[in-house]
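To start, the structure itself, in structure tokens.
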Amino acid sequence: MSESLTCDVVVVGAGMTGAACALYAARAGLDVTVVDRGPAAGGTTGAGEGNLLVSDKAPGPELDLALLSLGLWAELAARHGADIEYDAKGGLVVAETPEALDGLRTFADAQREAGVTAEPVPADRLHDLEPRLAPGLPGGVRYPQDAQVMPALAAAHLLNASGARLLTDREVTRVLRARDGAVCGVRTPRGDVHAPAVVNAAGTWGGELASRADVFLPVMPRRGFVLVTEPLPPRIRHKVYAADYVADVAGDTAGLLTSPVVEGTAAGPVLIGASRERVGFDRSLSLPAVRALAAGATRLFPFLSDVRAVRAYAGFRPYLPDHLPAIGPDPRAPGLFHACGHEGAGIGLAPGTGLLVAQALTGKTPRLDLAPFRPDRFPRPAKEAAR
Amino acid sequence: MRTDLAVIGAGPAGIAAALAAARRGIRVALVDAAQGPGGQYFRQPAPGLRAEGAAPRHGRRTWARLRDALAASTVDVRPEHHVWCVERESGGLTVHALLGPEQRESVELRADAVLLATGGYETVLPFPGWTLPGVVTAGGAQAMLKGHLVTPGHTVVVAGTGPLLLPVATGLAAAGVRVAALVESTDPARLPRHARALAGKLPEAAGYAARLLRHRVPVLTRHTVVRAHGEGRLTGVTVAALDARGRVRPGTERLLPCDALAVGDGMLPHTDLAQTLGCRLDGHAVAVDAEQRTDVPGVWAAGEATGIGGAALALAEGHIAGRSIADRLRGTTPDADAWLPAARARARGRTAAAALHALHSPPAHRGDGVPDDTVICRCEEVTAGAVREALTLGAGDTRTVKLLTRAGMGWCQGRMCAPGVAAVTGCPPAPARRPFARPVPLGVLAAQYDRTAPPDDRPRPEEGPS
Amino acid sequence: MKTPDGADTGSAARRTCAFEVTFDGRQVEALPGRTVAAVLWAAGITSWRTTRDGGRPRGVFCGIGVCFDCLVTVNGRPNQRACLVPARPGDDIRTQEGTGHED
């Protein structure tokens, strides 16, 4: 069955970023259709922990976007908080060595300059915040702005709240371009959707979608494993991780880089996450990766040794070479907008991204300077350019 | 420890394979979670009960033969090994197993070949009251009876569909339990269609039928349990007749007082280890070739793991797998003619299994009638209403339903609720990935990290090559 | 609870090596080789867990270690599958509430 639809904007991707783009575009008065090759929240959104973090971000454009987004998340939570399991629990970053503590404090000083609330926690106060933390840690920093949502629920409920038309199980085979080069919709096996604007919120698939609009955007997957424990009563209050994580996020090293992020959930299980490997789209279990997660988590919280892991799952963070997302209009294809490449921070950065895209779609001045996020900032490799 | 072949699962398929390979000079380790070999089918009373005489009647001679052969063989039998993962490494395969009832310590077994003979587990489609104490799976009632000589109550109803219900009902009746009814949803009028394929099974079924008659067990076909009653435990069930399309016929409901319900709607293969290894599945079963090889080098599969088909089929598949493994480990190509009788038994067994499967498919519209307040996911207490609501939020598959409702995220990892979620939502049933075949203490994983990665070699973000 | 016709041999075992365990503090007779679930069934007990959300009673369901419905606290260790764990003399078996861990 083929159908043809016309609307103001097509958002490709029914994950968290697509949902946020749809929500803010609809609020701006646009008629929105969301298209996904799978179900809602079926990609990276469904494989994440739902981190809304400022703590891991150095001053710069990503931190600005995170601060904007956290404010928007709080607004969204006022209405949808219970449905999406929003929890403004705060983050606690600990150092495992005195040297790491020095680095962490310096990092936090710079963050404070940029508007982050970062409270130093001396060694003798750590256990007031996290009673089950390992003894002997030299200190840490508390980040009250860090928060959490259940990402699949957040994407599904915000998509629903946007009122956008949701077309699942429809792969976009082509981004349609008019003779003058302007984007005019998308083609799917079950019909075309016509619109003067298309938003690429396709996550790890964003590079492929860009190529279907004949533009280059080098989005690549970075695998992460999350370990999930048996259900426990509330025992870990914050998002707790070791300071190594900060060095990890921008780490350019291929291969396994792991540091533990440990947190409780409303439903009971403890999540242990954040392994980082560049292995393409390989979903198979890596015991070395989950062993490293377990070792890191039990080092922070020794009581977890007796707690059982009931599952592990893999997800793929969509990343761009400079570890910043692509957000905003693409000068190479008028009418094409990008909202992808958020790496492991997509849930946290989604509302800000959605708002910026909606502002760009409606010709308003974006709240943040989009220059660092320009989608055409990566030159096409010579080999490809020759084709 | 290192061996040539690790057989996972000491049921009919695993034992047959272990014997066939060991007879050909292969070093075999046969691991199983239970206290002794036999699997579910040949489950024996716990030795401490001194109840050999009460051992199950079926297959007694086959079991005696297998048991004696195993005792006389070189097979290294390792009970109380709960395998949680099989890992592919450059030098072969590593089987990871938690030890004993404590399951706090993990051992590793390295092998050049692995046979997955992991068996299956029973499925039950949800109905109101199915979480009440006293409601057990038919296979569970049988396991408790065979292994421990205990029964779930004084008056039991056996219900559901499938070939397991007959032995369960006769076994319970023989043990002195009053079987208030055997409630089978299949219409016996469908039987003649499959009579030829099932010819080999008919004498066995006739034997069970005669025993049911002797114990005066009422049989209700084209009936189903629509509700289990009770507060702290089961006090009775309501059964009703089904129409041709599998819907309950209004006005046919009646109450059967009982303090136990043994219920089963078929079985599913255990495929967790196979999936984590990357083996291709065919539907819910591990896909194998004519030699019982999976598509992963060094990994074979046999028995219920490759499709539910019963003990005779499992014995044939296991035998073929064991011979294939023995040849392949020596670098020779097996001659399939050498195991022709087993291949014929396998062909017959598969034909019969397909017929039984067609005969005993659960009622088509069963999911529609499940009330919204019925718990579907027993672990996370997710109701049918919540599962249906996920569809309105954009879920179109069971994985997304899980993400939006937690149905399938609990202790059992969806093994119990997956068929119910599929039935209630109409989503196609799809096997879920379960990287850990059973829960693993984090301390076990952490200790492996400490051992496999010496402190100086551990990847540290600050130290990694940039 | 019925003891089926293996009872004759079972009573042989009973005479020689029956032992005691406790369930929520009361004494229960156990036979060697029986799992915690079998011991409790033989004593007429079918429920030894309440659920996390609804506080609903649960006991054996699958009977073969797959469903985790029969979780129980034995000697202070929660979340053990009663259908797998053999009973041992003097075991302190307790009804498990919720996660089995103290809040």
Side-chain angles (χ1 to χ4, degrees), chain B residues 33-35 40 45-55 82 101-103 121-122 124 130-137 139-145 147-154 171-172 174-177 231-234 259-260 270 375 378-381 410-412 415-416 438-439, chain C residues 1-18 30-49 51-71 74 77 79-81 83-88:
Chain B
Q35 290 175 299
Q40 300 303 339
L49 295 175
R50 300 185 187 175
E52 293 271 310
H82 303 260
E102 297 287 320
Q103 300 195 36
Y121 59 98
E122 210 169 6
V124 178
W130 75 308
T131 58
L132 280 168
V135 179
V136 298
T137 67
Q142 191 182 46
M144 295 285 278
L145 177 60
H148 302 287
L149 316 177
V150 291
T151 63
H154 300 276
L172 288 167
V177 176
E231 271 304 313
R233 68 157 302 163
L234 185 72
D259 59 0
H270 275 299
V375 165
R378 303 170 67 96
C379 299
E380 297 297 301
E381 298 173 80
W411 274 108
C412 90
R415 290 175 179 92
M416 290 298 118
R438 25 177 70 76
Chain C
M1 209 63 27
K2 283 262 184 194
T3 303
D5 57 6
D8 293 338
T9 40
S11 58
R14 180 167 295 127
R15 274 195 303 278
T16 51
C17 36
L31 294 182
R34 273 191 178 155
T35 58
V36 167
V39 166
L40 295 177
W41 268 22
I45 300 159
T46 52
S47 164
W48 47 82
R49 179 170 84 89
T51 58
R52 271 147 61 215
D53 283 353
R56 306 296 302 162
R58 297 282 176 87
V60 168
F61 183 60
C62 83
I64 59 168
V66 179
C67 78
F68 294 80
D69 243 358
C70 67
L71 295 178
V74 182
R77 192 175 175 224
N79 295 312
Q80 307 220 52
R81 280 168 280 180
C83 72
L84 296 185
V85 178
R88 292 185 178 138

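Computed from a prediction, not measured in an experiment: that's the story for all the values here. So you know, we letter chains A, B, ... as the sequences are listed, proteins then strands, and number each from 1.
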task = Heavy-atom pairs under 4.5 Å with chain C are the metric here; pick the option from B:Leu234, B:Leu172, B:Val136, B:Val124 that has the most.
result = B:Val136
inquiry  = For a 4.5 angstrom cut-off between non-hydrogen side-chain atoms, does B:His148 reach C:Leu31?
reply    = no
message = Taking the cut-offs as 6.0 angstrom to the six-membered ring centre and 45 degrees off its axis, would you call B:Arg378 and B:Trp130 a cation-pi pair?
response = yes
query = What option among C:Leu84, C:Val85, C:Asp69, C:Val39 has the most heavy-atom pairs under 4.5 Å with chain B?
reply = C:Asp69
message = With a 4.5 Å cut-off on side-chain heavy atoms, are B:Glu102 and C:Arg77 touching?
response = yes
ask   = Atom SG in C:Cys62, atom CE in B:Met416: separation rounded to 0.5 Å?
value = 5.0 Å
key: Heavy-atom proximity to chain C below 4.5 Å, by part of B:Gln35   = side chain
ask   = Taking the side chain as C-beta and beyond, is there a heavy-atom pair between C:Arg88 and C:Val74 under 4.5 Å?
value = no
task = Mind checking the CZ-CZ spacing from C:Phe68 to B:Arg415? Nearest 0.5 Å is all I need.
result = 6.5 Å
message = Among B:Val375, B:Val135, B:Leu132, which residue has the highest count of heavy-atom pairs closer than 4.5 Å to chain C?
response = B:Val135
task = Against chain B, work out which of C:Gly65, C:Cys67, C:Cys70 has the most heavy-atom pairs shorter than 4.5 Å and name it.
result = C:Cys67
ask   = Relative to chain C, which of B:Pro133, B:Gly140, B:Ala141 shows the most heavy atom pairs under 4.5 Å?
value = B:Pro133
request  = Could you check which of B:Glu380, B:Glu122, B:Arg438 has the highest count of heavy-atom pairs closer than 4.5 Å to chain C?
outcome  = B:Glu380
request  = Counting only heavy atoms closer than 4.5 Å, note whether C:Asp53 contacts chain B via side chain, backbone, both or neither.
outcome  = both
